[in-house]
Number of protein chains: 2
Amino acid sequence: MKNIRPEIISLLKEGCCAPRLSELAVKTGSKSNTIHYNIKRLEADGTIKAYKAVFDYRKVGEGFCTFVLVNLDRGEYKSPEEIGRKLAEYPEIESVDIVTGGWELLLKVRTENIDEFYEFSKKVLSMTGIERTQSLSSLRQIKTEFVRL
Amino acid sequence: MKNIRPEIISLLKEGCCAPRLSELAVKTGSKSNTIHYNIKRLEADGTIKAYKAVFDYRKVGEGFCTFVLVNLDRGEYKSPEEIGRKLAEYPEIESVDIVTGGWELLLKVRTENIDEFYEFSKKVLSMTGIERTQSLSSLRQIKTEFVRL
DNA sequence: TCATATGTTTGAATTAAATTCAATAATTTA
DNA sequence: TAAATTATTGAATTTAATTCAAACATATGA
């Protein structure tokens, strides 16, 4: 009998959830089919991108969170956006932003521990186009994804 | 007739969602009551903190995203965690982390535009305990909350 | 101002999904 | 290896989501 929880967690990280129309109906004082109608519109016009779960990441093997500031090669032919999209493919990366200031990209990376992060950074952050990085590791998450921990 | 969408969006930002057991059942090849059982356990032991929606934040009046690096007063009696918890109360703040390196806190802040961010920073970042900040504004979000945009 | 078009809410009926629970099966513990 | 614990399943029940036509509201344009 295989343990299905890791698979459930993985699916819930990016989707496999839905709005609770009945709860929204009570809280807004509307009927649930009114909520249904409005949510379908928000989904159709791209306002809502996904429904997902937020975890205590220490309990799902992603307790080590690091913010990585990235400088890109000036001579490189790829744009920051192209490199960012490539990085966004990695499941360890929670967010990718092109930012102002002394750095081009800001990544938020989640791994099990510092060793796994080292492996990740060897693999990923050495990819062409990346010149230099600076990592800020999280010692304590107080709020994430608008959810207080 | 009042527009209920802002209220729906606000509720979906932190909760009012649920896992789709039937979808998870199909994708994992289990029965939906097995999924139900396992998810209840993940909720009970605190692994799952919340279910929420992810938005195209430009469409919900939060198009301006800024990472704020924070230095705290060394002479201040409050701990970084206390100050972080205070900051976490603001709805504009998506995440708060205590980090390693030359800064104590790293905030992710979402506002409508740069003017609103200025108002926010005057109000919040001048609170006691905060010595100095450096802001990195996001020019383009490529991935957020594990969801590619 | 009035008629028309567009967008939103609702009630009622239908369909689908979540939940419960007792029985069974698998795994762990002693 | 027996007993205890934990996980899965089928079947019945309960709850929620979805559909759709009708009513209502708001915006648009003569």
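To find a chain, count down the sequence lines: A is the first, B the second, and so on, and within it residues start at 1. Given the structure is predicted, the values throughout are model-derived calculations rather than measurements. Values below: every heavy atom of this structure, side chains too, minus hydrogens, waters and symmetry copies.
- Residues B:Phe67 and B:Leu107 have side chains not in contact (no heavy-atom distance under 4.5 Å, counting atoms from C-beta outward).
- Distance A:Lys31 NZ to D:dA21 P: 21 Å, rounded to the nearest Å.
- When atom types are taken as modelled, the side chain of A:Lys143 and the backbone of B:Leu87 share no donor-acceptor pair closer than 3.5 angstrom.
- Of the side-chain N and O atoms in B:Asn38, none sit less than 4.0 angstrom from OP1 or OP2 of D:dT6.
- Think of B:Tyr118 as one node in a network of Ile, Leu, Val, Met, Phe, Trp and Tyr side chains linked at under 4.5 Å; it has no links at all.
- A salt bridge links A:Lys27 with A:Glu23: the distance from a Lys NZ or Arg NE/NH1/NH2 to an Asp or Glu carboxylate oxygen falls below 4.0 Å.
- Remark: B:Glu81 engages A:Arg140 in a salt bridge, criterion side-chain N to carboxylate O under 4.0 Å.
- In this view, A:Arg132 satisfies the salt bridge (Lys or Arg N to Asp or Glu O under 4.0 Å) rule with no residue, not counting sequence neighbours.
- The CG atom of B:Leu21 sits 15.0 Å away from the OH atom of B:Tyr37 when rounded to the nearest 0.5 Å.
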Heteroatom pairs (N/O) under 3.5 angstrom, protein to nucleotides 15-18 of chain D:
{"residue": "D:dA17", "atom": "OP1", "partner": "A:Leu21", "partner atom": "N", "Å": "3.0"}
{"residue": "D:dA17", "atom": "OP2", "partner": "A:Ser22", "partner atom": "N", "Å": "2.9"}
{"residue": "D:dT18", "atom": "OP2", "partner": "A:His36", "partner atom": "NE2", "Å": "3.3"}

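- Of the residues near DNA chain C, A:Thr34 and A:Met1, the one whose nearest nucleotide (by heavy atom distance) lies more toward the 5' end is A:Thr34.
- Screening A:Glu62, A:Glu116, A:Glu94 against A:Arg110 for a side chain to side chain donor-acceptor pair (under 3.5 Å) leaves a single residue, A:Glu94.
- Straight-line distance from the OH atom of A:Tyr37 to the C1' atom of D:dA22: 15 Å, rounded to whole Å.
- Ion pair B:Glu82/B:Lys86 not flagged as a salt bridge, since none of the NZ, NE, NH1 or NH2 atoms sits closer than 4.0 Å to an Asp/Glu carboxylate oxygen.
- Here the range on DNA chain C touched by chain B, meaning any atom under 4.0 Å from one of its heavy atoms, is C:dT8 to C:dT20.
- For the pair A:Asn3 and B:Lys2, nearest-nucleotide mapping onto DNA chain D gives the more 5' position to A:Asn3.
- Taking the charged nitrogens against the carboxylate oxygens, B:Lys52 and B:Glu145 do have a contact shorter than 4.0 Å, which makes a salt bridge.
- Side-chain contact between A:Val70 and A:Glu104 is absent, with no heavy-atom pair separated by less than 4.5 Å.
- Here the side chain of B:Lys13 pairs no donor or acceptor atom with the backbone of B:Pro91 at under 3.5 angstrom.
- Interface residues of residues 9-16 of chain A facing DNA chain D, ordered by number: none; criterion, heavy-atom separation under 4.0 Å.
- Criterion: ILVMFWY side-chain heavy atoms under 4.5 Å apart, direct or through other members. Under it, A:Val54 and B:Leu12 are not part of a common hydrophobic cluster.
- Each end of the helix from C:dT1-D:dA30 to C:dA30-D:dT1 gets its own rotation axis from five pairs of C1' atoms, and the angle between them is 50° to the nearest 10 degrees.
- Regarding B:Leu42, its CG atom lies at a distance of 10 Å from the P atom of D:dA7, rounded to whole Å.
- B:Ile39 places its CD1 atom 18 Å from the C1' atom of D:dT6, with the value rounded to the nearest Å.
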